[in-house]
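See below for the structure under consideration.
Numbers for residues simply follow the sequence, beginning at 1. These values consider heavy atoms only, across backbone and side chains, with no hydrogens, waters or symmetry-generated copies.
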Amino acid sequence: MDDLLARHRAVMPNWLALYYDEPIEIASASGRRVTDRDGTTYLDFFAGILTNAIGYDVAEISDAVRSQLDTGVLHTSTLYLIRKQVELAEKIAELSGIPDAKVFLTNSGTEANETALMLATTARRSEQVLALRNSYHGRAFATVGITGNRGWSASSLSPVKVSWVHGGYQFRSPFKSYSDADYIKACVADLRDIIETTTSGDVACMIAEPIQGVGGFTAPPDGLFRAFKEVLDEYGILFISDEVQTGWGRTGEHFWGIQAHDVVPDAMTFAKGLGNGLAVGGVVARGSLMDTLNANSISTFGGNPVSSAGALATLNYLLDHDLQANAAKLGSRLIAGLRSVAERHPVVGDVRGKGLMVGIEFVGPEGEPNAAAAAGVLEETRRRGLLVGKGGLYGNVIRLAPPMTLTEDELEEALGILTASVEAVSA
């Protein structure tokens, strides 16, 4: 067999991360399971970074893609009408809850966030942006600039001027010991102080993840962003919710993560789970904000016929099978099971999340970040047949985000593997 890892390292960038001491190549998949090139099958609890939201080899989605392929039209660009793109945009606009919403489709969450920043800075004639500490918004020039996580911020150069706000990561916040109400008050006071002391007042927007994904599935108390929005409205500052990881019902309790805060944002960005593996993302925003650009623009590949057909089938499947309810039910059981593990093993400092979006933060004897324990659990779960994710500001958080079609038996299987893996690392 050829040495794919050596070939990868010879031709791919050094900064392109690979999981595991012995990286795997996924060769086939079905349901919630993937099989590597050596024939080992795993239960997938990270789903291509929350992207395979429905799972693998789903007939309704595959048939929709094949039907589009059978027309011979894989691509046209937005210079021509694309029926599936319009149908998809209509459904997203309706689901968004944003008044007079319009939708622009892209190829990824990074591109969606870049577009949202361009809209907001153009509308407000300002390059000033508010972002949360510990955030992650993508890999492009502006989105790296608004990423508040040193491990993913490759450059200090940026087309926007960013001011950083507390709120997204309570577990290691200076306000950690506060009640939810006092935590919100402290973060709102910080927001107002940041605006008054680090900006000229005419800020373009705040962009925030309702649950910070790469940051370790951290979330503020419900209501924080409603309180933030009241302050933002005083200054005319736009609010963008980055729903790339929290959208499509994954949090269980709501279809969009921001709805937990009783807020309708000016714009939302989305990607990942919408395509169930196909490259698609986008922005849904108030029509007046979306139409703020005064120059020509197109998208060559965004919302192309194949991706739009697959995404529309994915969204219909998700709604028809009420996968949001499944995420709520199984997510509650997953969190409860993991908290039981945490009670027995002090190496687990925090179990948090909503729906099928759960983080396990590992700590040392003094509560310090324990990246070695998280790395150990990553390897132990793989050895036992479970794939999970890893993240957090300090690399000490295991991230769990299985396909939303997860079954009760698969949940119990994963809990057993996670329990054994934590026990092994604790020992």
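- Other residues, nucleotides and ligands contribute over 12 non-hydrogen atoms within 6.0 Å of the CH2 atom of Trp164.
- A donor-acceptor pair under 3.5 Å links the side-chain atoms of Tyr183 to the main chain of Gly167, judged by distance alone.
- With Thr40 contributing its side chain and Asp36 its backbone, the two residues share no donor-acceptor pair below 3.5 Å.
- Under the side chain to side chain contact (heavy atoms under 4.5 Å, CB included) criterion, Leu18 pairs with Leu5, His8, Pro23, sequence neighbours left out.
- Applying the salt bridge (Lys or Arg N to Asp or Glu O under 4.0 Å) test to pairs two or more places apart or on separate chains, those with a residue in residues 169-190 are Arg172-Glu361.
- For Ile335, the side chain to side chain contact (heavy atoms under 4.5 Å, CB included) partners at least two apart in sequence or on another chain are Arg339, Val351, Val358.
- For residues 153-170, the set of pairs meeting the salt bridge (Lys or Arg N to Asp or Glu O under 4.0 Å) definition, not counting sequence neighbours, comprises Glu127-Lys161.
- Partners of Ser332 according to the side chain to side chain contact (heavy atoms under 4.5 Å, CB included) rule, which considers only residues two or more places apart in sequence or in another chain, do not exist here.
- Heavy atoms only, all atoms of each residue included: Gln212 and Asn134 are closest at OE1-ND2, 2.9 Å.
- Between the side chain of Gln245 and the main chain of Leu50, no donor-acceptor pair closer than 3.5 Å is present.
- For the residue pair Glu410/Thr407, the side-chain donor-acceptor check at 3.5 Å is satisfied.
- Tyr136 and Trp152 have perpendicular rings, their planes meeting at more than 60° on a 0 to 90° scale where under 30° would count as parallel.
- The distance from the CG atom of Asn113 to the CG atom of Asp242 is 4.0 Å, given to the nearest 0.5 Å.
- Taking 4.5 Å as the limit, some side-chain heavy atom of Glu253 sits within range of a side-chain heavy atom of Asp222.
- The distance from the CZ atom of Phe141 to the CD1 atom of Ile146 is 12.5 Å, given to the nearest 0.5 Å.
- Judged by distance alone, with hydrogens and angles left aside, the side-chain atoms of Ser308 form a donor-acceptor pair with the main-chain N or O of Gly303 at under 3.5 Å.
- Heavy atoms only, all atoms of each residue included: Val348 and Val363 are closest at C-CG2, 4.4 Å.
- Leu274 contributes atom CG, which lies 8.0 Å from atom CG of Leu105 (distance to the nearest 0.5 angstrom).
- Separating the OG1 atom in Thr51 from the CZ atom in Phe46 is a distance of 9.0 Å, to the nearest 0.5 Å.
- Side chain of Thr198 to backbone of Ile195: no donor-acceptor contact under 3.5 angstrom is found.
- For the side chain to side chain donor-acceptor pair (under 3.5 Å) test, residues two or more places apart in sequence or in another chain that qualify with Lys91 are Asn316.
- By the 4.5 Å heavy-atom criterion applied to side chains, Arg133 and Leu393 are not counted as neighbours.
- Looking only at side-chain heavy atoms (C-beta outward), Leu387 and Ile24 come within less than 4.5 Å of each other.
- Heavy-atom minimum distance, Val347 versus Ser426: CG1-OG, 3.2 Å.
- Residue Asp100 qualifies as open at atom CG: its count of foreign heavy atoms under 6.0 Å is 12 or below.
- The side chain to side chain donor-acceptor pair (under 3.5 Å) test applied to Asp322 returns no partner, not counting sequence neighbours.
- Within 6.0 Å of the CD1 atom in Ile49, the count of heavy atoms belonging to other residues, nucleotides or ligands does not exceed 12.
- A search for side chain to side chain contact (heavy atoms under 4.5 Å, CB included) contacts involving Ala27 returns Arg37, not counting sequence neighbours.
- Applying the salt bridge (Lys or Arg N to Asp or Glu O under 4.0 Å) test to every pair with at least one member in residues 254-274, sequence neighbours left out, gives these pairs: Asp266-Arg286.
- Partner Ile211 forms a side-chain contact (heavy atoms from CB on, under 4.5 Å) with one of Thr251, Thr218, Ile258 and no other, that one being Thr251.
- Using a 4.5 Å cut-off on side-chain heavy atoms (C-beta onward), Leu130 and Phe228 make no contact.
- Between the CD atom in Glu209 and the CZ atom in Phe225 there is a gap of 8.5 Å [rounded to 0.5 Å].
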Worksheet item: Stepwise, does the salt bridge (charged side-chain N to carboxylate O under 4.0 Å, His left out) test hold for Glu408 with Arg333?
Response: CA-CA 9 Å; Glu408 293 184 6; Arg333 288 177 54 180; 3.5 Å; yes

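- Other residues, nucleotides and ligands contribute more than 12 heavy atoms inside 6.0 Å of the CD atom of Glu368.
- No donor-acceptor contact under 3.5 angstrom links the side chains of Asn276 and Tyr317, judged on distance only.
- When all heavy atoms are compared, the tightest approach of Pro210 to Pro220 is O-CD, 3.5 Å.
- When atom types are taken as modelled, the side chain of Trp256 and the backbone of Leu95 share a donor-acceptor pair closer than 3.5 angstrom.
- Across every non-hydrogen atom of Glu114 and Ala142, the tightest pair is OE2-N, 2.9 Å.
- No donor-acceptor pair closer than 3.5 Å links the side chain of Thr106 to the backbone N or O of Gly302.
- Within a 6.0 Å sphere centred on CD of Glu25, heavy atoms belonging to other residues, nucleotides or ligands number more than 12.
- The side chain to side chain donor-acceptor pair (under 3.5 Å) test applied to Glu196 returns Tyr235, not counting sequence neighbours.
- Evaluation of the ring pair (Phe, Tyr, Trp, His ring centres under 6.0 Å) test over residues 324-354, restricted to residues two or more places apart or in two chains, returns none.
- By the side chain to side chain donor-acceptor pair (under 3.5 Å) test, Gln128 pairs with Ser200, Asp202, sequence neighbours left out.
- Panel note: side chain His261, backbone Leu224; a donor-acceptor pair is recorded below 3.5 Å.
- Arg250 places a side-chain N or O within donor-acceptor distance of the main-chain N or O of Leu356, the cut-off being under 3.5 Å.
- Around the NZ atom of Lys102, the shell of radius 6.0 Å holds no more than 12 heavy atoms that belong to other residues, nucleotides or ligands.
- One distance of note links CZ of Arg383 with CG of Leu378; it measures 13.0 Å at 0.5 Å rounding.
- For the pair Leu293 and Leu119, the minimum side-chain heavy-atom distance is below 4.5 Å.
- The side-chain heavy atoms of Leu406 and Leu334, taken from C-beta on, include no pair separated by under 4.5 Å.
- Ion pairing between Arg33 and Glu413 holds under the 4.0 Å rule for side-chain N and carboxylate O.
- In this structure, the side chains of Ile54 and Leu318 come closer than 4.5 Å at one or more pairs of heavy atoms.
- At a cut-off of 3.5 Å, with distance as the only test, no side-chain donor of Ser77 or Thr300 sits close to an acceptor on the other residue.
- For Glu243 and Thr246, the side-chain atoms include at least one donor-acceptor pair closer than 3.5 Å.
- Judged by distance alone, the side chains of Arg139 and Thr143 never bring a donor and an acceptor atom under 3.5 Å apart.
- Salt-bridge annotation for Arg7 and Asp3: absent, with no side-chain N of the basic residue lying under 4.0 Å from a carboxylate O of the acidic one.
- Looking only at distances, a side-chain donor or acceptor of Ser96 sits under 3.5 Å from a matching main-chain atom of Ala93.
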